[in-house]
Structures are given as C-alpha cells and as structure tokens.
2 protein chains.
Amino acid sequence: MAESALKKKENGRGTRATDAEETRFNILEVATAEFADKGLSGARIDEIAERTNSSKRMIYYYFGSKEGLYRAVLERAYTAVREVDADNRRDDLDPDAALRDVVGVTFDYHNQHPEFVRLVMNENILRGAHVGEVPGIRERNRKVIDQLRAILARGVASGHFREGVDPVELHMTISALCFYNVSNRYTFSFGFERDMSSPKALARRRMSVIDVIESWCRA
Amino acid sequence: MAESALKKKENGRGTRATDAEETRFNILEVATAEFADKGLSGARIDEIAERTNSSKRMIYYYFGSKEGLYRAVLERAYTAVREVDADNRRDDLDPDAALRDVVGVTFDYHNQHPEFVRLVMNENILRGAHVGEVPGIRERNRKVIDQLRAILARGVASGHFREGVDPVELHMTISALCFYNVSNRYTFSFGFERDMSSPKALARRRMSVIDVIESWCRA
DNA sequence: ATTTGTGTACGAAATGGTTCGCTCAATGAA
DNA sequence: TTCATTGAGCGAACCATTTCGTACACAAAT
C-alpha cells in the first residue's frame, strides 16, 4: 500500500506503477465504503467510480467485475480483522482478565469498524456466497477458538471457571453480543426513550457484555 | 389469475372483492419471501410479479411502488411478531422458569422465522429508513421490556436473581443471542468442522443461550 | 516495440413505473 | 325484473432510465 508507493517514489519519480498501486488502493477504499453502505446489490459501480480518483474503466481493469471488486473488498476486510487479533497473546494475564480482555477488544473492534460489520451482514444476506472464497477465515476462527479454549482450560485449572463451557459456544456468544450491538442499531432502539447510541449507553453495554460472559464462565 | 376467476365463476360464489383480498395477500406473501431473500435493492419486482398469481400491474395498483410494497411487507412481519408475544402472560411461573421461557420462546421464534430476521437485517442495512413508519414497534419493545422488568423484580424479591440487571440490557442480550444465531449462520460456521446447522447443534445452542441468560441474572 | 495504465463514449439488457383499455359485479332507476 | 352506469380489479405492451460492462483510442514506461 502506501509504503511501497513511497518506496517507488524514492527510487524514481512519480511513476506509472506507483499510480497504479495507489489507484488500486483508492478504489478498494471507496468500494469498501460503498459496499458497506448499500450492500452488493445496492452499490452502484458508477458511483464508486465517481468517488474514486480514477474511473470505472480502471475498476474493471483491476477487478474484472462488480463481484470481483466485492470479493476483493471482503477479503481485505477480513484480512484486517485477522491482523488485529493475531498478535494478542494473553498468556501473561490470569484467565479471568484474559477473558475480559478478549471480550473488550472484540466489542471495541466491532464498534470501531461498522463497515466490517455491515460487510458481514451483507454477506449473510447473500447466504455467504462469496465468503467461502476468502481464504484465512477458517484459520482465523480456529485461532480464536483455540485461544478461548486455552483460557477456559487455565481458568478451570485455577478454579476461577466452571467446567463444561464449550469454546465454540463461547466464541459464538461473544461474537453475537458484540456484533448485534452494531448490526442492529437501527431497529433495536425503537421503543424506548433511552438513547442507545450515546457514549454512556455504549460504555454501559460494554460492561454488560463483559459481565454476561464472565458470569457464564465463572465457577 | 384466470383459473381462480374461472373457479369462482363456476361455483357462483366468488366476488370481485374476494379476489382482490386474495390477490393482495398473495402478493404480500410472495414479496415477503423475495425481500427476505434478496433485500430491498436485490429483489426485482418483475420477479415478484411473476411468482404471484397476479401481475406487476396489480403490485403498483395496490402498493404504489417498490418501497410501498416493501413497507407493507415489513409492517406485516412486525405485526406477526407482536401477535406472538402478546398473549404470553407468565405470571404463574416462578421467575426463573419465566425467564427461561422468554428466552426459549424468543430463540425458537427467530429460528422458525428466518424471513423476519432477514427483513430486520435488511432494514438495518438501510439504516432503519422504513422501520420508523411501522407503527407498533415501540409498544412491542416496551411491552417486552416491561415484562422482563417484572420478572426480574419478582426474581430479586424471591432471592433467585441478583439486583442490578437492567431490563433493557437484558432484552438486548436475549435479542442478540437469538438473532445472531440465525442472522450470521453463513459467515459464522466457517472455520470449524462442527456443523452448526444440525438439529443437534441447534439444541445445544438453545441450551447455551438459556444458560447464559440465567447465569447472568442468578443471584 | 511491447506491455501496462487510462479516459471517453457507447451498447445491451435489466428494471422501475405507466398507459390504455377491457371485464365484471354492484347499484339503482324504469 | 331489467338494464345502463359506474368504478374497482386486471392484463399486456410499452417507456424512460439506470446499470453493468466493453470497444477504442491513446499515453507512458521498459
């Protein structure tokens, strides 16, 4: 991305190749926003092209089709998540703190990346038609679950956690709580006065989610 | 279309008005399936018309526009939910059983009505653009929350439940767990061998969800 | 000279929406 | 009872626009 562009620029001058990479990146950025905003069928490639520094011609040149672009966007988004939770080694924390940390980080990530949430929502509406072709999801999920399993095991050993909590169920529960909070913003808050989108409400929710998970696992 | 008209004519009882109601209903049914399947922008009214016993002409005759039809579908879906949880009075059950019942019923409803879930997903992708115009959601949500509040209060009084669980947070937690299970089917199960859509996995999940909620509220 | 990147304009199909005119049942006056 | 009138219910062809995708000409770099 930007680094390699810089590198090229240092080497020579503003070259074609540099522009190309930049263009690709730019298109991907714009397309991500657009697909996250309107979904695959709702997004218009003419509109994407317009917001780009480039043109529709280039979209087809680089990505072949609307779906190709969509797939690239999806892949990029998933790659970004993977990079986030890849580094998190929580072996130094005690099980309880580690679990709370996992939940907190997950909650925050979802909140800070609604585009990702929306992309996933859309993918589910499409019945996961494209997600299968995105590599890396399997490993990512397995990694998270392995990590949870380890935390649970340590917790059981230390007497903090009870036995019988399935790591997959735990992962799903955490995901559900963090995801829903972002995904169903618009339909959920209807019906009570409390403003669910205020920072205050968000903090409260965050605490609740951590609390829910913790009390479920606690011995 | 022609056949039903014929039939009516033969037995002599069919009136125009009856046909009209049937047509309206039929269109709504088909449109519900289609919108739930592809979303607002993904659905094609020509296709809806084709699956109907009627025609595109009639869709515009009765509903005015694609969005009009969509709104009618949404409204109908929400009405259906409201009717389900309207009758449930759980005053006779002890708090713990009542809570478990609420969760179980909610879980089952979502599972048995994926169209509803998908409609809501779509509405969230549209940032709730139409849901505001659907009356009855406010009351419905408030009712559910009131019920939860009552159960919680009884539980605290009887010593089964701890204090400090916010009914709104509880409602959201239950919703999230039940909703996600259906909404994110396609992207979630990627990454581990266990088949998340088997009846076995479903039952296990159901149990987990009830368990999560219960251990959160329990004193 | 060949490969790679880019702008412009266009085409074909899809899509939301409309127009026109017909059918049929209900109504009420003769 | 009869029969013309009225208006809701309906079908099919049609229209204007949108939308994805492409052809072509051309530029820059190797």
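These numbers come from the heavy atoms of this one structure, side chains and all, not from hydrogens, waters or symmetry mates. The sequence lines fix the lettering, A, B, ..., with proteins before strands; numbering per chain opens at 1. Only a predicted model underlies this, so the values are computations on that prediction, with no experimental measurement involved.
Using a 4.5 Å cut-off on side-chain heavy atoms (C-beta onward), B:Leu152 and B:Leu99 make no contact.
Checking D:dG9, C:dG16, C:dG7 against every side-chain atom of B:Lys56, the shortest atom distance belongs to C:dG16. You'll find that the side chain of B:Met58 is closest to D:dC10, out of D:dA8, D:dC10, C:dG7.
Between B:Lys143 and B:Asp146, none of the side-chain N atoms (NZ, or NE/NH1/NH2) sits under 4.0 Å from a carboxylate O, so this pair counts as no salt bridge. Look at B:Glu29 and B:Arg51 and you find no salt bridge, because none of the NZ, NE, NH1 or NH2 atoms lies under 4.0 Å from a carboxylate O. Classification of B:Lys38 and B:Glu34 as a salt-bridged pair holds, one side-chain N sitting under 4.0 Å from a carboxylate O.
B:Tyr61 has its OH atom 15 Å from the C1' atom of C:dT18, to the nearest Å. Rounded to whole Å, atom C1' of D:dT18 lies 14 Å from atom CD1 of B:Ile45. Rounding to whole angstrom units, CD of residue B:Glu50 and P of C:dT15 are separated by 11 Å. D:dC10 atom P lies 8 Å from atom CD1 of B:Ile27, rounded to whole Å. To the nearest angstrom, C1' of C:dC10 lies 13 Å from CG of A:Asp46. What separates CD of A:Glu67 from C1' of D:dG21 is a distance of 13 Å, to the nearest Å. Rounded to whole angstrom, the span from the CZ atom of A:Phe63 across to the C1' atom of D:dT22 amounts to 18 Å. For the pair B:Ile48 CD1 and C:dG16 P, the computed distance is 8 Å after rounding to whole Å.
Both B:Arg57 and B:Lys66 lie near DNA chain C, and the one whose nearest nucleotide falls closer to the 5' end is B:Lys66.
An OP1 or OP2 oxygen of C:dT6 is reached within less than 4.0 angstrom by a side-chain nitrogen or oxygen of A:Tyr62. An OP1 or OP2 oxygen of D:dC20 is reached within less than 4.0 angstrom by no side-chain nitrogen or oxygen of A:Ser65. The phosphate of C:dT6 (OP1 or OP2) has no side-chain N or O of A:Ser55 nearer than 4.0 angstrom. Side-chain N/O atoms of B:Arg44 include one lying less than 4.0 angstrom from OP1 or OP2 on C:dG16.
Here the two rings, on B:Tyr70 and B:Phe35, have centers that are under 6.0 Å apart.
Using a 4.0 Å heavy-atom distance criterion, B:Ala49 is classed as making no nucleic acid contact.
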